[in-house]
A.B. asks: 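Pasting a structure here, questions to come.
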Amino acid sequence: EASAGKLTLEVVDGASVGDGTYSGHTAAIAGSYGKGSAESFNVYVNGGTVKGDIVGGAVNGSGSIDTVKLVINGGKVEGQVMGGSKTSGTVGSATIIVKDGEITGGINAGGSAGGVGHARVAISGGTIEGNITKGNAATSHVSVIGSQATIKGSIEADRVSFIEADYK
């Protein structure tokens with residue numbers, strides 16, 4: 001079983017990530033493909049295009065990650081942003097922050113399989129085309145800060161907060 005410390009992926013203007021995919025669906029895998037583990041995984045999309053999903057946990061096998069942080073500062077994600085796994089992998093806590101950019105497939109805070117202890121989603125800008133769902137998170141909290149974000153789908157979470165932003 002492989003183990004890693006802190007892992008970081010940054011996508012910048014002009015970059016295109018995800019031409020090579022797993023089952024045609026995943027561009028960035030935060031966790032593992034097998035049974036590995038990591039202390040943390042951070043993804044920063046500051047521009048460019050991610051052609052597929054960003055997955056905070058595992059896409060195959062049962063890997064585990066302590067903390068996942070997925071930050072969309074700009075650019076475009078042509079898929080879902082998932083705090084958790086697509087298989088039996090686990091994530092201790094997942095934080096998804098959307099400040100700008102576009103997510104065409106929505107946000108799945110806890111992933112579609114496995115589990116996330118606690119998932120937090122904070123949205124202050126950008127466009128989210130799909131739904132925001134709790135997924136397989138034990139608990140989830142979604143905060144919408146200010147009025148700069150466009151959310152075209154529904155929001156499902158244990159707790160939803162709408163926070164007025166005063167930038168005077």
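For the single chain, residues carry numbers from 1 onward in sequence order. All values reported here derive from a predicted model rather than from experimental measurement.
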A.B. asks: Find the distance between CZ (Phe41) and CG (Asp66) and round it off to the nearest 0.5 Å.
C.D. replies: 14.0 Å
A.B. asks: So, taking the atom named CD1 in Ile151 and the one named CD1 in Ile107, what distance separates them when rounded to the nearest 0.5 Å?
C.D. replies: 7.5 Å
A.B. asks: Does a side-chain heavy-atom distance below 4.5 Å link Asn46 with Val71?
C.D. replies: no
A.B. asks: Donor-acceptor pair, distance only, cut-off 3.5 Å: does the side chain of Asn108 make one with the backbone of Met82?
C.D. replies: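 Between the backbone of Met82 and the side chain of Asn108 there is no qualifying donor-acceptor contact (under 3.5 Å).
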A.B. asks: Kindly check if the number of other-residue, nucleotide or ligand heavy atoms within 6.0 Å of NZ (Lys69) is above 12?
C.D. replies: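 12 or below, so no.
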A.B. asks: I need the minimum non-hydrogen distance between Gly52 and Val77, along with the two atoms involved.
C.D. replies: O-CG1, 3.6 Å
A.B. asks: Taking all atoms of both residues into account, what is the closest heavy-atom pair of Ala138 and Gly117, and its distance?
C.D. replies: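 Closest pair (atom of Ala138, atom of Gly117, distance): CB-O, 3.2 Å.
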A.B. asks: With side chains defined as the heavy atoms from C-beta onward, is the minimum distance between Val68 and Leu70 less than 4.5 Å?
C.D. replies: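 A side-chain contact exists here, since the closest heavy-atom pair is under 4.5 Å.
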A.B. asks: Do side-chain atoms of Asn131 reach the backbone of Gly153 as a donor and acceptor pair under 3.5 angstrom?
C.D. replies: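 The answer is no, because no donor-acceptor pair under 3.5 Å joins these two groups.
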A.B. asks: Under 3.5 Å, side chain of Asp53 to main-chain N/O of Gln80, donor-acceptor pair present?
C.D. replies: yes
A.B. asks: Quick one, Lys76 and Val45 - any side-chain contact, counting heavy atoms below 4.5 Å?
C.D. replies: no
A.B. asks: What do the steps show when you test Ile123 against Ile145 for side chain to side chain contact (heavy atoms under 4.5 Å, CB included), and what is the final call?
C.D. replies: CA-CA 6 Å; Ile123 303 164; Ile145 304 152; over 6 Å; no
A.B. asks: Got a donor-acceptor contact below 3.5 angstrom from the Gln148 side chain to the Ser124 backbone?
C.D. replies: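 The answer is no, because no donor-acceptor pair under 3.5 Å joins these two groups.
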A.B. asks: Of all the heavy-atom pairs spanning Val142 and Ala157, show the shortest one and how long it is.
C.D. replies: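 Answer, listing the atom of Val142 first, then Ala157: CG2-CB, 3.7 Å.
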A.B. asks: Minimum heavy-atom separation for Gly83 and Ala94, please, with both atom names.
C.D. replies: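 That would be O-CB, 3.7 Å.
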A.B. asks: State plainly whether the residues Glu129 and Lys152 are in salt-bridge range, i.e. N to O under 4.0 Å.
C.D. replies: yes
A.B. asks: Is there a continuous path of hydrophobic side-chain contacts, each under 4.5 Å between heavy atoms, that joins Val121 to Ile155?
C.D. replies: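 Yes, Val121 connects to Ile155 through the hydrophobic network.
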A.B. asks: Between NE2 of His141 and CG of Asp158, what distance do you get to the nearest 0.5 Å?
C.D. replies: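 Rounded to the nearest 0.5 Å, the NE2-CG separation comes out at 10.0 Å.
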A.B. asks: So which atom in Ser140 and which in Lys134 form the shortest heavy-atom distance, rounded to 0.1 Å?
C.D. replies: OG-CG, 3.4 Å
A.B. asks: Between Ala109 and Ile96, which heavy-atom pair has the shortest distance, and what is it?
C.D. replies: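 Looking at all heavy atoms of both residues, the shortest contact is CA-CD1, 4.1 Å.
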A.B. asks: If you round to the nearest 0.5 Å, how far is CG of Asn73 from CG of Asp100?
C.D. replies: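 Reported value, rounded in 0.5 Å steps: 8.0 Å.
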A.B. asks: Say whether Ile103 and Tyr44 are linked into one hydrophobic cluster, either directly or through other cluster members, by side-chain heavy-atom distances under 4.5 angstrom.
C.D. replies: no
A.B. asks: Under the 3.5 angstrom rule, does the side chain of Thr104 hit a backbone N or O of Gly79 as a donor-acceptor pair?
C.D. replies: yes
A.B. asks: Please determine, by modelled atom types, if Thr139 and His118 share a side-chain donor-acceptor pair under 3.5 angstrom.
C.D. replies: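 Yes, side-chain donor-acceptor contact under 3.5 Å.
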A.B. asks: Report the distance from atom OG1 of Thr150 to atom CD1 of Ile128, rounding to the nearest 0.5 Å.
C.D. replies: 9.0 Å
A.B. asks: Are Val116 and Thr90 packed together at the side-chain level, in the sense that at least one heavy-atom pair is separated by less than 4.5 angstrom?
C.D. replies: no
A.B. asks: Nearest 0.5 Å please: distance from the OG atom of Ser143 over to the CZ atom of Arg159.
C.D. replies: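 Taking OG in Ser143 and CZ in Arg159, the distance rounds to 6.5 Å.
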